[in-house]
Amino acid sequence: MKTTLIIGAGGVGRVVTHKCVMNSDVFGKIVLASRSIGRCQEIKSELPDANLEITTVDADDTEALIKLIEEIKADIVINVALPYQDLTIMDACIATKTPYLDTANYEHPDEAKFEYKLQWERDIAFKEAGVMGLLGSGFDPGVTNVFCAYAQKHYFDEIHTIDILDCNAGDHGYAFATNFNPEINLREVSANGRYWEDGKWITTEPMEVKMVWDYPEVGEKDSYLLYHEEMESLVKHIKGLKRIRFFMTFGESYLTHMKCLENVGMLGIKPVMHNGQEIVPMEFLKTLLPDPASLGPRTKGKTNIGIVAEGIKDGKKRKIYIYQVSDHEKCYAEVKSQAVSYTTGVPAMIGAKLMLEGKWSANGVYNMEEFDPDLFMEELNTQGLPWKIKEL
Ligand code: NDP
């Protein structure tokens, strides 16, 4: 029987644990480890009959991770802690020769910059250890990369442009809250925008480029250009690509709150002195904001995330839209998490399932679009994230 180690018991960790339990013929014994035991206990109480053990681990400490992986003889590590822990967990996987999967690329806590460089650099060590590391197996990155690979395989000879379109039309009733870890979320959306065209990265001011897109089953929404990590690997792997952009929807209220918080310095990630004590404004803000996990029972509405690809097939121009719609309330009814965590956790489970089954298999560090997309697309349909394709 296999042993699966899940690290991180947040919103995404809850979904991954529920979904691995639903597929326990593949995942076998599941060990959920996180910084604090409270969330692990909550998740365990939701799954009383499961072959699920819980424990604590400090995922910043490679030695502690090595000890845990060896103790439980993990066959795979699913990292759904924070992007800050990617490297320590990857290093523990290299040392113990254990396959690794994550959903977000490495960020240093003191610098709001994310890139694959340090993770890709571990490719040789993974190859030497004879194991696979799968990067970014969430929704975006993750499913969006698989959508691009599927479009490339079945619909185009050459893809010229890709727009990744991420809409969350959920309403949680709070004036301001983030749907996943506030620190990671606010760092991402307050950064400069960036897109790739004709071989170059072009930087924009935060929220400078806006378009209105009509999202199926949701309607028209203001969508803003952001930098998003999957573009870094897609420009390497999609043939003939001339431009790739990423857009995310934001409502007026969210943007006004964010601007105000930014103007008063609450999005700062450098420590400031307060009453003789150092505090990091963004971390303090995280303490004040609603816990994303608490949004689950109160969020209504849908998400729609997809890609629009344009290019050439058999000498003719073609444009297609591949997208997935999830309903916050339905996700909560199934796994006690809203759709943002659900749409991340399900692909993490699917990636790990394909790895454990040996269907996605290679030594080294890989991004999602480097594997055959068909198996993943089939799993999406059966594991709770059915998708659609439209010719535009
Ligand atoms: P949460 O903040 O809800 O959960 C993170 C969990 O990791 C918490 O349980 C936290 O423990 C635990 N953790 C943090 N630091 C450590 C540590 N040093 N050691 C052990 N455990 C630790 O985040 P989410 O669940 O929302 O997000 C999880 C991951 O998913 C993030 O990396 C995020 O960027 C990514 N993500 C990816 C998306 C995609 O589509 N690809 C979309 C959304 C998220 P504690 O409870 O003690 O704080």
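Order of listing sets the numbers, starting from 1, for every ligand and every atom in it.
- Backbone and side-chain nitrogen or oxygen atoms of Ala81 are examined, and one is located within less than 3.5 angstrom of a nitrogen or oxygen of ligand 1.
- The shortest N/O to N/O separation between Gly8 and ligand 1 does not fall below 3.5 Å.
- Each of the following atoms of ligand 1 lies closer than 4.0 Å to a heavy atom of Ala9: 6 (C), 9 (O).
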*Test side-chain hydrogen bond (donor to acceptor under 3.5 Å, both in side chains) on Ser233 and Glu369 and set out the steps.*
CA-CA 8 Å; Ser233 67; Glu369 66 276 16; 2.8 Å; yes
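- With a 6.0 Å cutoff to the six-membered ring centre and a 45° limit on the axis angle, Lys242 does not count as a cation-pi contact of Trp196.
- Shown in contact with Ser36 at under 4.0 Å from a heavy atom are these atoms of ligand 1, numbered in order with element: 45 (P), 46 (O), 47 (O).
- Closest to atom 1 (P) of ligand 1, if we only count protein heavy atoms, is Gly10 CA, 3.9 Å.
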*For Tyr321 and Trp213, what are the C-alpha separation, side-chain angles and deciding distance, and is it a side-chain hydrogen bond (donor to acceptor under 3.5 Å, both in side chains)?*
CA-CA 12 Å; Tyr321 186 15; Trp213 184 259; 3.1 Å; yes
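- The ligand atoms of ligand 1 that sit less than 4.0 angstrom from a heavy atom of Gly11 are 3 (O), 25 (O).
- Within ligand 1, counting atoms from 1 as listed, the ones closer than 4.0 Å to a heavy atom of Ala59 are 17 (C), 18 (N), 19 (N), 20 (C).
- Inclusion of Ala104 in the set of residues having an N or O under 3.5 Å from an N or O of ligand 1 is not warranted.
- The environment of Ile124 atom CD1 is sparse: at most 12 non-hydrogen atoms of other residues, nucleotides or ligands sit within 6.0 angstrom.
- Between Pro141 and ligand 1, a contact under 3.5 Å exists for at least one N or O pair.
- Of all protein heavy atoms, the one closest to atom 12 (C) of ligand 1 is Ser34 OG, 3.5 Å.
- Among protein heavy atoms, atom 44 (C) of ligand 1 sits closest to Phe180 CD1, 3.7 Å.
- Around atom CD of Glu391, more than 12 heavy atoms belonging to other residues, nucleotides or ligands sit under 6.0 Å away.
- Nearest non-hydrogen protein atom to atom 27 (O) of ligand 1 is Val12 CG2, 3.6 Å.
- Classification of the Tyr254-Phe176 ring pair by plane angle, with boundaries at 30° and 60°, yields tilted.
- The aromatic rings of Phe250 and Tyr224 sit tilted, their planes meeting at an angle between 30° and 60°.
- Applying the 4.0 Å criterion to heavy atoms of Asn181 picks out, from ligand 1, the atoms 2 (O), 23 (O), 26 (O).
- The main-chain N or O of Lys359 is never found under 3.5 Å from a side-chain atom of Glu357 such that the two would form a donor-acceptor pair.
- The shortest N or O to N or O distance between Val80 and ligand 1 is not under 3.5 Å.
- Applying the 4.0 Å criterion to heavy atoms of Phe139 picks out, from ligand 1, the atoms 39 (C), 40 (O), 41 (N).
- Side-chain N/O atoms of Ser326 and Gln324 include a donor and acceptor closer than 3.5 Å.
- For atom 21 (N) of ligand 1, the closest heavy atom belonging to the protein is Arg35 N, 3.1 Å.
- A side-chain donor-acceptor contact under 3.5 Å links Gln152 to the backbone of Lys239.
- Every atom of ligand 1 is numbered from 1 in the order shown, and the set under 4.0 Å from a heavy atom of Ile184 is 34 (O).
- Contacts between Thr344 and ligand 1 below 4.0 angstrom, taking non-hydrogen atoms only, involve the side chain exclusively.
- Residue Val57 approaches ligand 1 through these ligand atoms, each under 4.0 Å from one of its heavy atoms: 19 (N), 20 (C).
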_As a quick check of understanding, evaluate salt bridge (Lys or Arg N to Asp or Glu O under 4.0 Å) for Arg14 and Glu42, giving each step before the final call._
CA-CA 9 Å; Arg14 164 176 271 119; Glu42 235 176 71; 2.9 Å; yes
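- When only non-hydrogen protein atoms are considered, atom 5 (C) of ligand 1 lies nearest to Leu82 CD2, 3.8 Å.
- In terms of protein heavy-atom proximity, atom 41 (N) of ligand 1 is closest to Thr103 O, 2.8 Å.
- Side chains of Asn367 and Asn145: no donor on one and acceptor on the other come within 3.5 Å.
- Other residues, nucleotides and ligands contribute more than 12 heavy atoms inside 6.0 Å of the NZ atom of Lys153.
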